[in-house]
Amino acid sequence: MHIEVNGLNKQFGDFQAVRDVSFEIERGHLIGLLGPSGGGKTSILRMLAGLEAPTSGDIIFHGKRVNDLPPQERGIGFVFQNYALFKHMTVYDNVAFGLKVKKQAKEQIRERVMSLVELTGLKGFEHRYPHQLSGGQRQRVAFARALAPEPQLLLLDEPFAAIDAKIRSELRTWLKEMIERLGITSIFVTHDQDEAIEVADEIMIINKGRLEQKGSPWDIYKNPQTQFVASFIGESTIVERVERLKGFENATNWPGTQALIRPEYIEIGKRSEFRLPSATMQGKVKHLHFRGSEWMVEVMVDDIKLITYRSLEKDVLQPGDEVSVLVHRAYLFNDNDSWVMENTLKEDPMPIHI
Amino acid sequence: MNAIFRSRWWSFGFRTTIMLYFVLLIVLPIIGIYTQSFELGWQPFWDSVSDPLAWRSVLLTIRLSVIATVINVLLGTMIGWVLIRYRFPGRRLLNSLVDLPFALPTAVGGLMILLLLGPNSFAGGLAEKFGIEIVFHEPAIVIAMVFVTFPFVIRAVQPLLEELDKSEEEASYTLGASKSRTFFHVIFPSMLPGILSGAMLAFSRALAEFGAVVLVAGNIPGKTLIASVYIFGEIESDNPQGAAAVSVLLLTLSFIILWAVNLVQTRRLGK
Amino acid sequence: MKKLWITLTYLVFILLLVVPIVKIFTGAWQEGWSGFIEALSRKQSLHALMMTGMIVVIVTAINTIFGVMLALYLVRATWLGRRLKQLLNSVVDLPFAVSPVIGGLMIVLMLGPSSIMGAFFEDIGFKVVYALPGMVLATLFVTFPLMVREVMPLLQEIGSQQEEAASTLGAYSWYTFWHVTWPSIRWGVIYGIVLTVARSLGEFGAVLVVSGNIMNKTQTATTLVYQDVENFNVTAANGVALVLAAFSVGLLLIMEWAKKRKEVH
């Protein structure tokens, strides 16, 4: 289903949950709504479902305005954060609910439910009650139940929030595959950036009720358009007066500008390891944290603290070691603007002479 | 589209009916009784209330209700404690029996007390020998009130005791507190909100009680005539204005108590 | 110490609850089986029990339907403002604070023959006060909070998500109520019904005022007990009281059972 949202606003008393949000979603895409808790993601989802009425703005499905349609008639499937399974019904009855409402023939219902049960790997559990299932199984039931009436749009509210970390990643892959196979337009809400990056075709970043940026995960990582997006996606340290770093002296042209530097923008090591030693600065290792698959290194350059990662394959550093530090790029921002600045010294300073 | 319209009309009809029922049954009568008693202005209201029989009956009701409430607080706290904390044969049976006064018609309750303590009964005869008069005197009224309000304090204290974490008590012991110190400083404070709201509910119920009391009180004006019986008498003797005036007095008191109970409960939930 | 407390508890229960109940049973048999039968087979006894039965049935039916609906609205409705909801919520409890006699008086004042509305109803030949409708009204007033207060916490506890899930699956409110909400609140409703039956069975003050206690016409079982006692006919009073007490004990048993089921679900 093609979805279009124009100038969506939602007010709860004095609190403005959603401010002027507009976007368009192509048929068959899987969209992640990403942002901090309480930022308005769930409100947007609930308005799409018809569970909440927008204060203003239009919601258009397939070119038809659906603002006044109740949830019953929007042709959507909704997976709730805590699944909201009917706890007095078996798995079978839960999945069959939407079909029974439509008064389909018994045989037809049975066929559809059984195929969904099989699809979601719940075969053999049809006669269990929700409280007899594990978290992951409940999630699958909720998914099967939402899919049963063949919705045009699937909405998932924090679908993995209540599941153990271990099973979560398994379910993520499963869900992505499943949705790709069915080709159903889907939107899911999450506050976990890894989840959004891993699962979604496209991410919409929502903060304080505003849509900050929409794009593919790679796009958003590479070209953050606002300071919030830059700091929310990936890890980073904020550096004031970035002109003190080697290669970024030009930053003096924009007084009052701060820089955001991601760990992966920084390289550390022995001076000999660098192709362009002239672009590096001297730093001192302050702390080392073992992160399971790599070292997280805190390094001081004068009084500027930078954070980066270092592969376990390289020589082990010790606190107090002198190292060379190369900052490849920084994300600069001030009150009205933001842009990416590359290290000026990384380009060979005098290429003609070589 | 037709289906939506139909369902909207239905739900509109439902809403109006329910709200109308609510207002007509509960709100309107209460407003009615206030307006009725002040219909002729302050003076007749004041005359009705300042009739010595009237204010004496109100004072008597308050005094006896206080006594009944105090008795119930003591009994209720003890029973609530015993039923939650101790395991002994018959505990479940007793726990079910607590609700009996709620299930039993109050008039039957009054009759039971009359039978048990009346002049012809064994207990009544015994008391008479010692010169204590029970039935048709104040003790009987208090007993009737205690009987009717018996479950309130127990039912209010029990959930609090159940909620109370055993480890809080144990923490107190490990810190060197004695048993009695632990009871008064750790357990009792967490029971207190229950005791208070139970006591207030019991008090307002005792103020309002009619059925059990009217049978055992003897209803001697100025001596054992409580407020609700006085109101009944005024209605019987065709003086609705006087009845309404005393009712307003009693109602206002009850509303204040109800409001206080709500306050205690919301404060507890807010914590 | 522990033994002492348990003994004291037993003592209170026996003196305050068990002995009186036993006394009612023995009292009714004071003049043997025939005395009991005689007390019950009086014309006024049968009529009074029938009146009580009618009131119980009518009041329970009305109070159940309206109580459940009102509880639904007070918990779920979005068309009621938050403030208004809070106000209505506290108004629900008012009948608890009103003495039954005063409850009866209110109805007499509003609908009695000397009031405007009462006169109007009298003109069209519909008697409210001193007749069954008034008694039903009085009992409805008294029992009003019981159902609402039973159902509201249950509705709050189950939350609205299951209902929302049903709506996204295409179910409208009626279907959702019966297939999703009802199974979760049903034991609470049954418990509320038992409480309502118990209260309407035993209601005395309000009914006494509204009914005028006219023998063979508006007399109920409880007001008959009262009249028999006033007439020093204690044995007869005992007979009727025994029937009421037996019902109450039966209701108490159902209450316990419903409470247990409620906790399971």
Side-chain angles (χ1 to χ4, degrees), chain B residues 7 11 14-15 18 21-22 25-30 32-33 36 75 78-79 81-83 86 88 94 96-97 99-109 111-116 146-147 150 204 207-211 214-215 228 231-232 235 240 243-244 247 250-251 254-255 257-258 262, chain C residues 2 5-6 8-10 12-13 16-17 19-21 23-24 27 66 69-70 73 79 88 90-91 93-103 105-110 137 140-141 144 172-173 198 201-202 204-205 208-209 222 225-226 229 234 237-238 241 244-245 248-249 251-252 255-256:
Chain B
S7 92
S11 64
F14 264 131
R15 288 170 191 182
I18 302 285
Y21 173 82
F22 189 33
L25 188 71
I26 309 297
V27 183
L28 208 61
I30 292 174
I33 202 158
Q36 173 84 20
L75 289 182
M78 177 188 84
I79 292 170
W81 171 264
V82 168
L83 288 182
Y86 298 148
F88 56 92
L94 293 192
S96 316
L97 267 181
D99 286 327
L100 186 67
F102 280 164
L104 207 64
T106 51
V108 175
L111 177 64
M112 292 193 313
I113 293 165
L114 194 63
L115 286 176
L116 212 61
V146 169
F147 177 82
F150 181 67
S204 80
L207 279 184
E209 187 44 39
F210 174 71
V214 72
L215 286 176
S228 57
I231 295 168
F232 178 62
I235 301 168
S247 298
L250 212 57
L251 268 186
S254 298
F255 287 159
I257 294 166
L258 193 70
N262 264 332
Chain C
K2 181 181 156 186
W5 291 126
I6 294 175
L8 268 177
T9 304
Y10 260 107
V12 172
F13 272 94
L16 201 64
L17 301 175
V19 171
I21 276 282
K23 188 75 190 173
I24 285 278
F66 282 82
M69 290 291 278
L70 190 71
Y73 284 154
W79 47 276
L88 291 179
S90 45
V91 170
D93 281 330
L94 289 187
F96 278 151
V98 175
S99 171
V101 179
I102 300 176
L105 172 64
M106 288 175 181
I107 288 168
V108 172
L109 287 179
M110 301 258 310
L137 269 183
L140 277 176
F141 177 84
F144 180 75
Y172 283 96
S173 46
L201 187 76
F204 173 59
L208 182 64
V209 172
T222 48
V225 170
Y226 169 68
V229 173
V234 177
N238 253 321
L244 287 174
S248 306
V249 173
L251 283 171
L252 198 67
M255 246 192 250
E256 277 305 306

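The analysis underlying the following values was restricted to heavy atoms, covering all of them including side chains, and did not include hydrogens, waters or symmetry mates. Residue numbers start from 1 in every chain, and the chains themselves are labelled A, B, ... in the order their sequence lines are given, proteins ahead of strands.
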Heavy-atom cut-off 4.5 Å, strictly under: side chain, backbone, both or neither for [X] against chain B?
X: C:Tyr226; result: both
X: C:Ile107; result: neither
X: C:Leu251; result: neither

Exercise for the section: Side-chain contact test, heavy atoms from C-beta onward, threshold under 4.5 Å: evaluate it for B:Tyr21 versus C:Leu140 and give yes or no. Expected result: yes
Problem - Flag side-chain contact, heavy atom, 4.5 Å: B:Ile231 against B:Phe210 - result: no
With respect to chain B, which residue among [options] yields the maximal number of heavy-atom pairs within a distance under 4.5 Å?
options: C:Leu17, C:Val225, C:Val229; value: C:Leu17
options: C:Val91, C:Leu201, C:Val249; value: C:Val91
options: C:Leu16, C:Val98, C:Leu105, C:Leu208; value: C:Leu105

Fill in the blank from the handout: Of the listed B:Leu28, B:Leu94, B:Leu83, the one with the largest count of heavy-atom pairs under 4.5 Å with chain C is B:Leu94
Practice task
Could you check which of B:Ile30, B:Leu250, B:Val27 has the highest count of heavy-atom pairs closer than 4.5 Å to chain C?
Solution key: B:Ile30
Problem - Mutual orientation of the aromatic rings belonging to B:Phe150 and C:Phe13 [parallel < 30°, tilted 30-60°, perpendicular > 60°] - result: perpendicular
Give, as side chain, backbone, both or neither, the part of [X] having an atom under 4.5 angstrom from any heavy atom of chain C.
X: B:Ile257; value: neither
X: B:Ile235; value: side chain
X: B:Ile113; value: neither
X: B:Leu97; value: both
X: B:Leu115; value: both
X: B:Leu100; value: both
X: B:Phe232; value: both

Problem - Step-by-step side-chain contact (heavy atoms from CB on, under 4.5 Å) determination, C:Asn238 to C:Val234 - result: CA-CA 6 Å; C:Asn238 253 321; C:Val234 177; 4.0 Å; yes
At their closest point, which heavy atom of [X] faces which heavy atom of [Y], and how far apart are they?
X: C:Pro20; Y: B:Leu116; result: CG-CD2, 3.9 Å
X: B:Pro101; Y: B:Phe147; result: CB-O, 3.2 Å
X: C:Tyr73; Y: B:Arg15; result: OH-N, 3.5 Å

Handout entry: C:Ser248 side chain vs B:Ala103 backbone, donor-acceptor pair below 3.5 Å
Key = yes
Practice task
Ignoring hydrogens and angles, tell me if any N or O in the side chain of C:Thr222 forms a donor-acceptor pair with the backbone of C:Gly202 under 3.5 Å.
Solution key: no
Exercise for the section: Step through it carefully: locate the ring centre of C:Phe144, locate the ring centre of C:Phe66, and say whether they are under 6.0 Å apart. Expected result: no
